[in-house]
Structures are given as C-alpha cells and as structure tokens.
Number of protein chains: 2
Amino acid sequence: MSEQERRLFVSARMVAERAGVSRSAVSRTFTDGASVSDETRKKVLEAAQKLGYHVNHLARGLRERSNIVCLVVADITTPIRAKLVDELTRKLQAAGKITMVINSETDTESVSAALGMTLNYRADATVVLSGTPSASLIETCLANGQQVVLINRDDRLSGGHNLGVDNAMAGREAFFLLRRAGCERLGVVTSTARTASLIERERVFVEAAEEAGVPVTVTAAGPTSYASGLEAARRLFGRSQAPDGVFCVTDLLALGFMDGARDEFRIDIPGDLCVIGFDDIAEADWRSYRLTTFSQPLAEMAEHVVALIAQPAMAGQEKRVFEPMPVWRNSVRPAAR
Amino acid sequence: MSEQERRLFVSARMVAERAGVSRSAVSRTFTDGASVSDETRKKVLEAAQKLGYHVNHLARGLRERSNIVCLVVADITTPIRAKLVDELTRKLQAAGKITMVINSETDTESVSAALGMTLNYRADATVVLSGTPSASLIETCLANGQQVVLINRDDRLSGGHNLGVDNAMAGREAFFLLRRAGCERLGVVTSTARTASLIERERVFVEAAEEAGVPVTVTAAGPTSYASGLEAARRLFGRSQAPDGVFCVTDLLALGFMDGARDEFRIDIPGDLCVIGFDDIAEADWRSYRLTTFSQPLAEMAEHVVALIAQPAMAGQEKRVFEPMPVWRNSVRPAAR
DNA sequence: CAAAGCTGTGCACACGTGTGTATCGCTGAA
DNA sequence: TTCAGCGATACACACGTGTGCACAGCTTTG
C-alpha cells in the first residue's frame, strides 16, 4: 500500500508502452541529434504529454555529466552575496546548468562538509563564495573530475580556479581619493572576520598612508555588518583625535558607519567627514547615503565562471583578477584645488 | 583518451575491490540500520577514505526519494526574498534535504518551465516563492508524488500546500495605526506588480479608510522597488492635497518613499508625515529610517515548510496563515491623546 | 551431539537513462 | 531481379545504488 503510492513518477518505459514503440524510441525523441521518424516522434510526444513525462535527469546523470553546479555560500542575506548568487544562478541556467545552493558556515569544517555534499551529487563544478575549504578536499574534488572555482577566496590556495577583484588597487585608490579631498587624519573600518580580501584592502590602504606619513587608525568592531559599522563610529568618535577620512572595507560597514557618525555625533558628510566603501550594493545609491564606493563587476565575473565550467577541466589552475570600478557619489568632497 | 579522463568518480565497486569485500558490503556500510561486522566496516571505511569515495546520491535517488527540494524564486536580490531563501536552505539542510534554486521570472511561462525542471530532477518537493505556475502543471507535480508548497501566492490556486501571512490584518492595522497618530489624509504606495498579497494589503486598507470616511489616494509608480517608492513620493507631493499618513505595501517602497519625501520635499517624518511599511527587512531598522512596519515570521514559515515536506504527501491541500507582527519604530507619531 | 537460531556476506535484481550494434524494411541502381 | 545503401527501430549493456533472498559459519539449547 505505502509502496504502491510511492512509485509514481512516470518513466520512459510507460510512455513507450502507451505510444506502442520501444523505450529507446522515446529516449531518442528527447535527445537531439538522434534519428527518429516524424511519425513515431509525434506518437511519443503525444503520449508523453498525456502522461506528464519528464526525462529523469538523475538517471541521465549516471552516464554523463550531471549538469549540476553547487554553490557553497554563507550569509546569502548579505546584499553583495545575494547579487552574486542571482547572477550565477541566472547565467548558469542559461548555459543549461542547474544550481544547488549549500548554505554553509564559514568555518573550514562546515565548508568541507559542503564540499562532501557536492561530491555526493556528482556536481560538474563547485563554486565557493564563502569560507575556505581544506586543500585536501579540493584535491579530492579535482581528482574526481570536478571543477572547483573559488571567488574572492584566499590566494595561496593551491587547487582550483581562482577569481577575485584587485583589492590592492581599491585600497590604494581609496587612499588617494581621500587625500585629494583634503583629508588629514585617516581611518579604516574593517570587520573581525579576517577574510583575505578585507585584510588586503586594509593592508594596502594603511601602507599607502604610512608611506605618505599620514596617521591612520584601524577599527574592527564586529562581523561584516551594518551594526559593526555603527559601533565603529561610536568607538572612533568617542576619542579625541577623530579621523576626517575613512575607508570602510565594505559598503555595509560604510552605511552603518555613516549613520553612526551622523545620528550620534552630528557629523556632516562629506563636510566634516569623507567616507568610501566597497562593493556598490544597491543601498549605497539610496538618497540617505549616496556613498562613493567601488563596484565589483559581478556580471562579468559570473560570466567568466560559466565559461570556466563550460569547458571540461581546462588548463589546470587559473587566476583571474577583475578591476573594481570607482563609483563617484556624494560621500567624498570634490578634490580641493 | 577523452573518454578515459571523464570516467573519474570513484564508485562503490572500486572501494569493494580495494577493501577485498563485496560491493554490497560497501553499500551496507554507508546505510545505517544495515548489519555489517566491525571488521569489514573498518576495511571499507579505510579504503573509502583512501580513494576519496562519496556515495552517489543521484543513483540512490533512482530507487527512493531524491532528497532534493526545488526553490522557484524570482528576484532573489530583494532582501525579504533573500532572507526567506536563507531560512529555507538552512532548515532544509538540517532536515537532510538539499536545495536546488531555480531563478525564474515571474511570468507564468517561466515558472512553468521551472516546474518542469523540478520534475526533471525528481525533486521531493517544490517551493514556489515567486510567480504563479499554471494549475495544470501543479497537478502534474502532485500526480507524480511531488509536494508543492506555495508561499504568499495567489489563494485561489487549487493544488498544493499554501502558506502566507494575514495581509488583511496588516492593511486594517496599518489604517488604525495611522488614524491613532492623527493622520487625516491617507495614501497607499503599491507597485505595478499585481501580486495577490500586495493587492490584498491595499484593498483592505482602502476599504477601512472609505468605511471611516477618510480620503485615500493610491499610487503605483513601478515595480516593487526602492526606486518606485522614490517616484511615488514625487508624484504624491507634487499635487496640492498631499497625504500625511502613508501605508507602503513593502518596506523597499517605504524606504524609497521616505527618502523621496525628505530629500526632495523637506518633509519631516514623523512630524509631518507618518509612514508604515511591510516585511521588516534589515534596512528598515537602519538609523536613517527606523521604519514602523510589520514583520513576517519567516523562521516559523520555513519551519512549517520543512515539516510539510518531511511527511510524505500528508492530507492533501493545506492552507496556513501566519500573523505578521507590528514592529514599532519612529516613522509613526505616538498616538495623539 | 544434533538441531535450531542468529549474524554476516554475496548474488541478483530494479531503478531510468543513453547509445552501440544488429536487424528490418524500403529505395534505387545495375 | 539482385544487391548495395540507408534510415528507423529493437535489443542489450552500462551507469551506481539499496535490498530481498539464499547461504555459510558460528553460537546456543535441548
């Protein structure tokens, strides 16, 4: 009884019986390039329509590529990540792939568990957006013929394709933008999540400042979030020597920081304080903020990922760096003459 | 050559050969409840570890449930939707399911194509967050033993489980909140996307106002977005008789509307204008807005979805309505004495 | 000591495909 | 008329599992 109701999905054999042809005729009807006469094709299609037949991609995946791509991601709620997931799913779909999302934590163990899942489902490729998987597990994926793509992850990871943005350029550029606006005391607002990208942006900015002999203070008040930016403002402006130009390594941090500075300390932006962010999330363009920031070319990056996956295990590792584009808005004063 | 490199995933047979046992021993080792001696289990696990074996869930899915759940969603970038996807993926994963995301458009044809995909991959269940699929295709899914869950979709759809929030309650409550704050001329800001939920919120609000003899104007300036809210403000406050209390059927609309009113018309909120939103997205709590709104109990809803899917094709259709919770912040004046 | 019970393992089948190979029927040319 | 050629179709196999069934080996009981 309970067994009977479980066996319900309609298979090619049932379609064949109904259409009065062999099962392979059905199979060939649904694979293009195979030769079927117009008459049988018509019969098959009609029977399939009647029965509600859909080719079983799981079974198909046993023989050839599964066309499954796994996205390993934490914190999908973050605007920048949501946007990236959106771009990837959309473009992968257009390329005939289906997307599995594995919502992982950022710790290595969780990411490794996610990688295991990816192998369980014989995914053609795995795209890691968050956290850093163990090198050995990446090796396993590669050995099993699975592509691995790491986005904005740690550079010193050996295996897999690697793509990210030029964080150093952004850090340097942010410094010059603030200097050109006449800022004398600089600050960096970053998060306690020690991601390679964030560290790099901070490091280059600080180095550029020190090289020019400009004082810099670094503040990390919590995870990469609006609340941490808010808290960073409290810490920074509670002191005596507050900065007048701040580079926030993330837009979310920047927006919280702006609100904290304005709401709790009545600081005018960009009059008394210039702020630069990174990511160019939708909220950065909202009227209350109009944040000057850097945009990641997410669409191009997604396109590149799809291209990488399309070709079967192309020339080993590849490292591709995209240029973030400065987006001028109103949180930084025009350059002083 | 090109064939040789394709056949790379390690199978149970290879593990069996390496461990010197039968393939079924390997299979039993990885299915709990099966009886295997400690000795062979140890040998199998060791060989599996060595070879990097992972059970093929696609093959497993041929015999029993696939443990795949498909999420059909458009506009994953929208904060409320991203949050829901986050909750669902997380909870489904905890329940031993894997999530496939199908990024669809909202038109019926796209959603139907997505439903087709869902059948292709023999998903145990499909959760529709956006758009309204054709009733006949839902019927097909149901006939194939697949669960269908519609979240905040059109009510008059026959098949599948249905869950959503009490939009009527929110519309009514919004009216009373604004009236209690002393608002005399009301307005509704909605979108041109004629979703059932949005229509219901608007309808009830307008009816309550008309019943009480309070003037109401309805504005729809575009899709459900920040930009539409901004544009709605331009239209509303360009007229002579501007409203002093507005219910925006979505937080995104509300935030854009607030910014438009303040930035372009120097209107004080909540001094001259009270605004109420719906969804309670993270941005609504930001310092620049502090929007009074209604929160959807997304966590509970996700939990309910998981519970529905867990039991195999429980008692047919079910309709469950969740109560949105009013969230008091600063965009509405305290009640006048 | 014999019989019965219990545990662990191997064989074989089913799940739903795609495709290589053989067969069958038909057309056209010699 | 015969035979090559060709297009369409049926058969069989492989893909990687989970599991029912039979059987071997060991333990327990009378």
Side-chain angles (χ1 to χ4, degrees), chain A residues 2-4 6-44 47-48 51-68 119-124 144-145, chain B residues 2-4 6-44 47-48 51-68 119-124 144-145:
Chain A
S2 72
E3 291 303 322
Q4 186 182 4
R6 185 165 317 242
R7 184 87 36 245
L8 278 171
F9 274 102
V10 36
S11 72
R13 193 173 46 106
M14 305 186 204
V15 177
E17 281 174 10
R18 171 131 187 172
V21 298
S22 81
R23 193 187 57 73
S24 25
V26 178
S27 183
R28 284 184 229 277
T29 302
F30 289 101
T31 52
D32 40 28
S35 85
V36 198
S37 74
D38 288 349
E39 190 191 359
T40 51
R41 155 170 283 124
K42 185 159 172 284
K43 280 194 292 186
V44 168
L51 266 54
Y53 170 69
H54 290 251
V55 179
N56 187 335
H57 280 41
L58 301 185
R60 177 183 279 177
L62 279 188
R63 305 189 75 254
E64 39 215 85
R65 319 226 328 261
S66 64
N67 283 328
I68 295 176
L119 287 169
N120 279 327
Y121 279 98
R122 264 36 172 187
D124 292 348
N144 285 21
Chain B
S2 71
E3 291 305 322
Q4 186 182 5
R6 185 165 316 240
R7 184 88 35 247
L8 279 172
F9 274 102
V10 38
S11 72
R13 192 172 48 103
M14 305 186 204
V15 177
E17 282 175 10
R18 171 130 185 171
V21 298
S22 80
R23 192 188 56 74
S24 22
V26 177
S27 183
R28 285 185 231 274
T29 301
F30 289 100
T31 51
D32 40 28
S35 84
V36 198
S37 74
D38 289 349
E39 191 190 0
T40 51
R41 156 171 282 123
K42 185 159 172 283
K43 281 194 292 187
V44 167
L51 266 54
Y53 171 69
H54 289 251
V55 179
N56 188 336
H57 280 42
L58 300 185
R60 177 182 280 176
L62 279 188
R63 305 190 75 254
E64 38 216 88
R65 322 235 313 269
S66 65
N67 284 329
I68 296 176
L119 287 169
N120 279 328
Y121 279 97
R122 266 30 174 190
D124 292 349
N144 284 20

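Quick note: numbers below take in every heavy atom, side chains included, and nothing from hydrogens, waters or symmetry partners. A, B, ... follow the sequence lines: proteins, then strands. Residue 1 opens every chain. Please read all numbers here as calculations on a predicted model, not as lab measurements.
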Atom [atom1] of [X] to atom [atom2] of [N]: distance rounded to whole Å?
X      : N      : atom1 : atom2 : answer
A:F30  : C:dG18 : CZ    : P     : 10 Å
A:N120 : D:dG16 : CG    : P     : 15 Å
A:K43  : D:dT9  : NZ    : P     : 8 Å
B:R13  : C:dC11 : CZ    : P     : 14 Å
B:L58  : C:dT17 : CG    : P     : 14 Å
A:E64  : C:dT19 : CD    : P     : 5 Å
A:H54  : C:dT17 : NE2   : C1'   : 16 Å
B:D32  : D:dT19 : CG    : C1'   : 14 Å

Using 0.5 Å steps for rounding, measure from the [atom1] atom of [X] to the [atom2] atom of [Y].
X     : Y      : atom1 : atom2 : value
B:R23 : B:S11  : CZ    : OG    : 8.5 Å
B:F9  : A:L62  : CZ    : CG    : 12.0 Å
A:I68 : A:R122 : CD1   : CZ    : 11.0 Å

Practice prompt. Would you tell me whether A:S24 and A:S27 have side-chain atoms, one donor and one acceptor, within less than 3.5 Å of each other?
Written response: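 Side-chain D/A pair, A:S24 to A:S27: absent.
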Which listed nucleotide ([options]) is nearest to the side chain of [X]?
X     : options                : result
B:S24 : C:dT19, C:dG10, D:dG16 : C:dG10
B:V55 : C:dG18, D:dT17, D:dG16 : D:dT17
A:R60 : D:dA10, D:dC15, C:dG18 : C:dG18
A:R28 : C:dT21, D:dG20, D:dG18 : C:dT21
B:R63 : C:dT19, C:dG10, D:dG18 : D:dG18
B:N56 : C:dC13, C:dT19, D:dG16 : D:dG16
B:L62 : C:dG10, C:dG16, D:dG18 : C:dG16
A:S37 : D:dT9, D:dT17, C:dT17  : D:dT9
A:S11 : D:dA10, C:dG16, D:dG20 : C:dG16

Practice prompt. Pick base, sugar-phosphate or nothing for A:R122, based on heavy-atom distances below 4.0 Å to the nucleic acid.
Written response: sugar-phosphate
Item to complete: Give A:S27 one of three labels, base, sugar-phosphate or nothing, depending on what nucleic acid heavy atoms sit under 4.0 Å from its own.
Response: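 It contacts base atoms.
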Worksheet item: Is A:R13 salt-bridged to A:E17, going by a charged N under 4.0 Å from an acidic O?
Response: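 The answer is yes: the pair qualifies as a salt bridge.
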Worksheet item: So, is A:Y121 close to the D:dG16 phosphate, meaning a side-chain N or O under 4.0 Å from OP1 or OP2?
Response: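 For A:Y121, the contact criterion (side-chain N or O under 4.0 Å from OP1 or OP2 of D:dG16) is not met.
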Worksheet item: Within less than 4.0 Å of OP1 or OP2 of C:dT9, is there a side-chain N or O belonging to B:T40?
Response: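 So the side chain of B:T40 is within the cut-off, an N or O lying under 4.0 Å from OP1 or OP2 of C:dT9.
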Response to the item:
Shortest non-hydrogen pair, A:V21 vs A:V44, comes out as CG2-CG2, 3.9 Å
Item to complete: Using heavy atoms to find the nearest nucleotide of DNA chain C for A:V26 and B:R23 separately, return the residue whose nucleotide is more 5′.
Response: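 Residue closer to the 5' terminus by nearest nucleotide: B:R23.
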